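Here's the structure we're looking at; comments come further down.
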Amino acid sequence: MRIVKLTQQKKQDILENLLKRSPNQYGSFENTVNEILDTVKKDGDQALFAYTKQFDGVAITQETIRVTEEEIQEAYQKVDAHLVEIIRKALKNIRDFHQKQVTYSWFDSKPDGTLLGQKVTALERVGVYVPGGKAVYPSSVLMNIIPAKVAGVDKIVMTTPPGKDGKVYPVTLVAANEAGVDEVYKVGGAQAIAALAYGTESIQKVDKIVGPGNIFVALAKKAVYGHVSIDSIAGPSEILVLADETANPRYVAADLLSQAEHDEMASSILVTTSEALAQKVSDEVDGFVQTLSRREIIQKSLDAYGYILVADTMEDAIDTVNEIASEHLEIVTKNPFDTMTKIRNAGAIFLGEYSSEPLGDYFAGPNHVLPTNGTAKFFSPLSVDDFIKKSSIISYSREALGRIHEDIEDFASAEQLTAHANSIAVRFE
C-alpha cells in the first residue's frame, strides 16, 4: 500500500481523486436512466415486466410481482436458524438506538393569547430499495426499514431484483419480514425507482425512497427527487483511520481492507503521525491481501484510492481528516475520546482499537447508511428524522393579534405587498 508524505498539494490531489468517484461524475448514463424513468411513467407495469425480463432474465406478471406470505415462509426454511437469531439480535440493537431519536410534537401556549408549536407527522408511505446481483445485504434491509418503522410510517414498501429463479434472496426476505416490511416487490434497477416515484398498476407511489444501489439506481433517485423525497445519492464505500504510534498495525490493516473489498472504487486511507506505523500497516496490508477471497477487487481499490498519509503533527492529521470527511472514521490514538472532540466531519466515528468498522455495519445499532464523497460536511446518517415531517402551528387570539397588527401591516407595506397588509387590517376595521 503506497505511503505518502502529507503536504498541502498532496492533500488537494487526493481530494480531487476521491471526488472522481461521485455519482455526479457519471452523466454518460443519465440518458439511459431517463429513458427508463419515462417509459415506466408512461407504460406502468408493462414497462416493469419488460425491463425485468431484459435486465434480470426473469418473467414477472401482475400475479407474481409481489412476494407472497408463502414465499416469505419458504425463505425461513432456507435460512440457517442461527443466522435468523443473529438478525434478531442486531434488529433489537438498531431499534433501541433509533428509538432514542424519536421527536414529539410540542406546543407553547402563553397567557397573552398566543400558541405556537410544531406538529410531527410520520410519512405515509416509504419505498426501500435493496440491491441484488453480486452480493446480499440483509444488514442494509434492517438499517433502512427499522428507522421508518420506529418513526411510525404507515406503509413500508421494499423493491429488490429477483434472482434467476424469479424469487427474492431468502435472507433478504427474512430480514425484511423481521424488520416489519409491509409489501415486497420483485423489481430492481432504475425501473424500480420509477415505479416507487410515479406508481404503476401494481406498485403505489411512495412519499420517499431510501436505500443504496448501483449507478443506475443512484441516478434514478437523483432524477425523481422532487416527485418524491430521497435519502441521499450514495457513493462508493470509504474508511479513514486516524492513528498514532500506539495503534496496532495489524488491526489497522484489517480495518482498511474491510471497506476495500466492497468494490474497485472504495476508498481506504490511513492518516498517521508515525512513519514506523505506516510501514508496518503497509506490510500487514500486503500480507492480508494474499489471503482474502476478494483480493482482486481489494487490490484494484487500493491501487486507485488507497493511501497511507504520514503527517508531521496530529493537528495536520486532524485537518486532513476533516477535509476528507469520510463515511467511516476510526480513531486509534492514545486518547481517542479527546481526539474525537476535534473532529467536525465524519459519517460515523469509531473510538478505540476494539471498535472496528464492521461493528457499525452489522450490530452496534447506529445506522450504517452514511454520507459519502465528502458530504459528511453537511449530511447526517439515515435516522428517524428522515421518515417524519414537521408542521408549524400558529394560533393568535384577537387580543394578541391586536397588539401587533400595525407592525405586521407596516412590514408588509415595506415589501409592497398590500394584500398581505390588508389580510391583517380587515380584522380591525
Side-chain angles (χ1 to χ4, degrees), residues 66-67 72 87-105 118-132 136-160 168 171-188 192-193 195-199 203-213 217-218 220-221 224-225 227-234 347-348 360-371 379-391:
R66 182 170 173 178
V67 170
I72 293 173
I87 287 172
R88 288 171 178 165
K89 289 178 184 177
L91 189 155
K92 181 182 185 302
N93 292 341
I94 297 165
R95 184 177 57 222
D96 289 350
F97 178 86
H98 287 83
Q99 282 176 336
K100 293 179 172 63
Q101 297 176 335
V102 173
T103 56
Y104 299 95
S105 301
Q118 182 171 270
K119 181 177 182 293
V120 176
T121 308
L123 300 183
E124 187 173 349
R125 192 173 174 89
V126 165
V128 175
Y129 185 85
V130 175
V136 186
Y137 298 110
S139 58
S140 285
V141 175
L142 301 180
M143 293 291 182
N144 282 279
I145 293 177
I146 292 171
K149 200 74 178 174
V150 170
V153 172
D154 291 350
K155 192 75 72 174
I156 303 171
V157 180
M158 187 178 93
T159 65
T160 187
V168 175
V171 71
T172 299
L173 267 188
V174 168
N177 189 64
E178 291 291 329
V181 76
D182 295 296
E183 302 168 11
V184 181
Y185 294 93
K186 305 168 189 173
V187 60
I193 302 302
L196 293 170
Y198 306 128
I203 301 177
Q204 188 179 336
K205 179 185 185 299
V206 301
D207 301 312
K208 184 166 188 170
I209 301 171
V210 301
V217 170
K221 286 172 67 178
V224 301
Y225 178 66
H227 295 279
V228 293
S229 181
I230 62 171
D231 50 352
S232 62
I233 308 295
D361 274 351
Y362 297 111
F363 214 77
N367 210 287
H368 79 197
V369 181
L370 303 166
F379 280 146
S380 303
L382 191 73
S383 73
V384 170
D385 286 346
D386 285 287
F387 300 99
I388 63 170
K389 55 193 178 69
K390 301 171 184 177
S391 303

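No experiment lies behind these values; they were computed from the predicted model shown.
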>> As a quick check of understanding, evaluate side-chain contact (heavy atoms from CB on, under 4.5 Å) for V150 and R95, giving each step before the final call.
In response: CA-CA 7 Å; V150 170; R95 184 177 57 222; 4.0 Å; yes
>> Please evaluate residues K89 and F363 with respect to the criterion side-chain contact (heavy atoms from CB on, under 4.5 Å), reporting the C-alpha separation (whole Å), side-chain torsions for both, the decisive distance (0.1 Å), and the verdict.
In response: CA-CA 8 Å; K89 289 178 184 177; F363 214 77; 3.6 Å; yes
> Given V228 and L196, is the side-chain contact (heavy atoms from CB on, under 4.5 Å) satisfied, shown in steps?
Replying inline: CA-CA 9 Å; V228 293; L196 293 170; over 6 Å; no
>> Please evaluate residues I209 and V224 with respect to the criterion side-chain contact (heavy atoms from CB on, under 4.5 Å), reporting the C-alpha separation (whole Å), side-chain torsions for both, the decisive distance (0.1 Å), and the verdict.
In response: CA-CA 9 Å; I209 301 171; V224 301; 4.3 Å; yes
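Between P212 and P131, the closest side-chain pair of non-hydrogen atoms falls below 4.5 Å. Residues V153 and R125 have side chains not in contact (no heavy-atom distance under 4.5 Å, counting atoms from C-beta outward). Between L123 and I388, the closest side-chain pair of non-hydrogen atoms is not below 4.5 Å. Proximity of I156 to V128: side-chain heavy atoms (C-beta onward) are separated by under 4.5 Å at one or more points. A 4.5 Å side-chain heavy-atom check between T160 and K186 finds every atom pair outside the cut-off. With a 4.5 Å cut-off on side-chain heavy atoms, K155 and E124 do not count as touching. Side chains of E183 and Y185 form a contact here, defined as non-hydrogen atoms less than 4.5 Å apart. Between N144 and Y129, the closest side-chain pair of non-hydrogen atoms is not below 4.5 Å.
Checked by atom type, the side-chain pair T121/K119 shows a donor-acceptor distance below 3.5 Å. S140 and H368 are linked by a side-chain donor-acceptor pair at a separation below 3.5 angstrom, with hydrogens and angles left out of the test.
Taking each heavy atom of H98 and N367 in turn, the nearest pair found is NE2-ND2, 3.2 Å. Nearest approach of A122 to A151, heavy atoms of both residues: CB-O, 3.3 Å. For T159 against A192, the heavy-atom pair with the smallest separation is OG1-CB, 3.7 Å. Contact record, V210 with K221: C-NZ, 4.2 Å, taken as the closest heavy-atom pair. The two residues K149 and D182 come nearest to each other via the heavy atoms NZ-OD1, 4.3 Å. Of all the heavy atoms in P147 and V384, the pair that sits closest is O-CG2, 3.9 Å.
Under 4.0 Å is where a charged nitrogen must lie from a carboxylate oxygen, and between D207 and K389 no such pair does. Between K100 and D96 there is no salt bridge, since no side-chain nitrogen of the basic residue lies less than 4.0 Å from a carboxylate oxygen of the acidic one.
Taking CZ of F97 as the reference point, atom CD1 of I146 lies at 12.5 Å (rounded to 0.5 Å). To the nearest 0.5 Å, atom CD of residue Q101 and atom CG of residue L382 are 8.5 Å apart. Atom-to-atom distance recorded for Y198:OH and K205:NZ is 10.0 Å, nearest 0.5 angstrom. In this structure, S229 OG and D386 CG are separated by 7.5 Å, a value rounded to the nearest 0.5 Å.
Panel note: side chain S139, backbone Y362; no donor-acceptor pair is recorded below 3.5 Å.
Residue-environment remark: OH (Y225) stays at or below the threshold of 12 foreign heavy atoms within 6.0 Å.
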Distance-only donor-acceptor pairs under 3.5 Å for side chains of residues 171-181, two or more places apart:
residue, atom, partner, partner atom, Å
N177, ND2, Y76, OH, 2.9
E178, OE1, R88, NE, 3.1
E178, OE2, Y76, OH, 2.6
E178, OE2, R88, NE, 3.2
E178, OE2, R88, NH2, 3.0

